[in-house]
Amino acid sequence: MINLFLIKPLKGFWIIGLILFLGACTSSTIVQKESNSRKQSFNQNWDFYLSDLKDEDSISDQTQWKSLDLPHDWSIETAFDKQSPVGHGGGYLTGGLGWYKKDFTVDKQDSSKRISIHFDGVYCNSEVWINGHYLGKRPNGYIGFEYDITPYLNFGQTNQILVKVDNSNQPNSRWYSGSGIYRNVWLKKTEKLYVVNWGTFITTPKVSKDQATVNVVTTIGNDNNEEKTAVLRTRVLKDGQEITQSEKEFLISSKANQELEQQLEINTPELWSDVSPELYTAISEILIEGNLIDQKKTNFGIRNFRFDLDKGFILNGVQTKIKGVCLHHDLGPLGAAVNTRAIERKLEIMKEMGVNGIRTAHNPPSPELLDLCDQMGFIVMDEAFDMWAHAKNPHDYATVWEQWHKKDLEDQILRDRNHPSVFMWSIGNEIPEQWSPEGAEIGRELSAIVKGLDTTRVVTAGMNPPIHVNNDEVTIQFEDTAAEPNALAGSGALDLIGYNYAHQTYEDHQKNFPNTPFIASETTSGLQTRGFYEFPSDTTKIWPVRWDLVFTQGNEDNTVSAFDQVRTPWGSLHEETWKIIKKHDFLSGMFVWTGFDYIGEPTPYQWPSRSSYFGIVDLAGFPKDVYYMYQSEWTDTPVLHVFPHWNWEEDTLVDLWVYYNNADEVELFLNGESLGVKSKEGDDLHLMWRVPYEKGTLKAVSRKDGKVVLEREVKTAGIASELSLTADRSTIYADGEDLSFITVGVMDENGVIVPRAADQISFTIDGPGKIVGVANGDPTNHESFKGQTHKAFNGKCLVVLQAGREKGNMVLTATAPGLKQSTINIQIK
Ligand code: GAL
């Protein structure tokens, strides 16, 4: 049967790098990049030109070019423009066409080596030339690629690399993509007998408490003009100590690649999990007569898992609910330009909320994100595509699908298959053809591509939804599509049925798909503006009313109440979906749309809104209130969160919500008077009091067995009088990349945050660093993310400072008319 109603049909359409150079390359507390003579950062000293080059002369006419370091996203520097062809999906910023060039030398003494250039991702349609020789084109903006440049290099002389990036055909994405060489670039130097790119594949076919078998397949390339006899030695390290090794002699023909397989045993392995992300390192070494020819390190983890039809996700024998979020790749005010510390901060904020799963919506993520997920313990759904052959936007990936999907998917699997954090490959998100025989066929093809390279993980897809649901009345029609081979869900392509939304159907999953386990690949799509509240809070608003209708019922200032009371028609309130997922073991988990706000897709609004309302955390990284609902449910951290703020017109009937855990009851006091004691009943996830406003102090006290667990106060703020500055880290590294995120608060004279403050704040900096981003979480703000001034939004603003390469003290001063200024010192070491 063909579906009649879809809930929401198609809208508009590594590891740790090698730490041979520890000191020089630390850009965060956790991650060190692979940066040794084998793989060097190639990010510095590029020139950029935002336009097409008219002729060859414009390459050498230096006046047209601007010097910069990569990663670089030019779109984030553009102005918000209602007419921008990227539209609301891309957040009204601008794409375009740009050129990058870099002059560099490679020592004469390296002339016997193999030199390649590796791009982690260029958005999009990159074309690369070296010394005038064309290396190739890569349309996909999210996958890494590499070119062998050995034959075209002038050793000991200046070489020039030229990169054309064409993101001018718009729209080509449903979210903000960024434009340019927005991920890291590497220069790789090896001998001509070497481990090829993505040339190790480590699996752990047998895992028990007592022993693990580690299988290592290494692909070796020989670019020499003669055959070579050598030894492959694979050493396994744990915490820097070698625990086992294996050697294998091999003969490899000239100009050939060869795969070698080795098995190693590890006694009493330390297993990787989301709560204890234990990592091992495999060092692959090629030796000729005892001389080391190449050395490559690969991090891996030892774990086993399965998705069980009845018990959900089992990790190392432990039933584990996946409490996940979907994340787009942008880094708020930094745009798409990869920065390890910025990604780490995003993940830290998620971890603190109790998140243990990340879905990389809807594209292969940066290698840094996966390294961090390995190290921090996240269960990753690694997603490939947002569309297949049928477009969602006129100029999207569908236009090159036929020619590129096999290569792009293969490269993603080869790139990511050693990451212990990756458990699920998603071959697509809400694919237009998911309901048709074509969808079933492409699904089987893609699944076969994945399985050809990795059989240790499951294949899934985010389907909207896998069975038919009547949109408006939420009447569920259980048709036989579940087993329908002529649709993706029933095609046999998937090991895991991925539901996007349709929470009403989850409890019937075992009936509809008796043989395939469950994952909620995407849920919720609740909407909120941080710090803005509407009463009454216990009525649900469906915004927009229907996915395809123009939205007219909203607020004039494009705000959305931050009570968990507003949702999209295809989605649910936050509490709704979690209550169902929580209840049944067979529901292995969920990925909430979304952990963070992102640029673009400002549902339910359009212009002047330019970023999403879906985030549990806003674009600046400030949690909205519902963050604490999840934290109270997903962590053991004691939570007591009372909201909204306490600045209202006298006598306003104010709804007060409380999220709490680890306690039996909460008592609320207003100016010392008890407003009563309440406890969550049944499956309640919050408490509510309705109280006539009276200026003063609200106090909440949570108690367990009569003993106080936590106390929280919310006070009426007076008029704004000063600025406060708080840094997430007050010491950062002088590596030219590290960041300090400074929260600016607008406070009254008693240090109480002024909840609706919108003061214009200006920033100056002294010392070896710079301001690289400003944001406030307001989806309608049109100030530049790259300015030196920004308005506060609901009392807060964010400034991102970046270290230079000099040590010293960086001093940030924030000023605003009428307010006492504030300064903060950041040490750069
Ligand atoms: C989903 C889609 C996401 C995003 C979300 C907004 O259907 O997969 O990319 O558009 O809706 O609710």
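Read the numbers this way: they start at 1 and go in the same order the structure lists the ligands and their atoms.
- W657 and F563 have tilted rings, their planes meeting at an angle from 30° to 60° on a 0 to 90° scale.
- We find that K323 and E633 are not joined by a salt bridge, their nearest charged nitrogen and carboxylate oxygen being 4.0 Å or further apart.
- With respect to D411 and R138, a salt bridge is recorded, a charged nitrogen being found less than 4.0 Å from a carboxylate O.
- Ring orientation note: the planes of Y605 and W543 are nearly perpendicular, at an angle over 60° on the 30°/60° scale.
- By the 4.0 Å heavy-atom criterion, N500 is counted among the residues contacting ligand 1.
- The closest side-chain donor-acceptor pair between D454 and W425 falls under 3.5 angstrom.
- Remark: among candidates P604, P569, S525, S612, the nearest residue to atom 12 (O) of ligand 1 is S525, based on non-hydrogen atoms.
- In F614, the part holding a heavy atom less than 4.0 Å from any atom of ligand 1 is the side chain.
- Residue-to-ligand polar distances place E601 within reach of ligand 1: an N/O pair is separated by less than 3.5 Å.
- Listed by number with element, the atoms of ligand 1 under 4.0 Å from a non-hydrogen atom of Y501 are 1 (C), 5 (C), 7 (O), 11 (O), 12 (O).
- Remark: ligand 1 atoms within the under-4.0 Å shell around heavy atoms of H362 are 3 (C), 8 (O), 9 (O).
- Ring geometry for W388 against W401 counts as parallel: the plane angle stays under 30°, on a 0 to 90° scale with 60° as the upper cut.
- Some N or O of E522 is nearer than 3.5 Å to an N or O of ligand 1, by distance alone.
- Here is the list of ligand 1 atoms found below 4.0 Å of a heavy atom in E430: 1 (C), 2 (C), 7 (O), 8 (O).
- Distances between N or O atoms of Y598 and those of ligand 1 include no value under 3.5 Å.
- Between N429 and ligand 1, an N or O atom pair is found at a separation short of 3.5 Å.
- Y533 and F643 have tilted rings, their planes meeting at an angle from 30° to 60° on a 0 to 90° scale.
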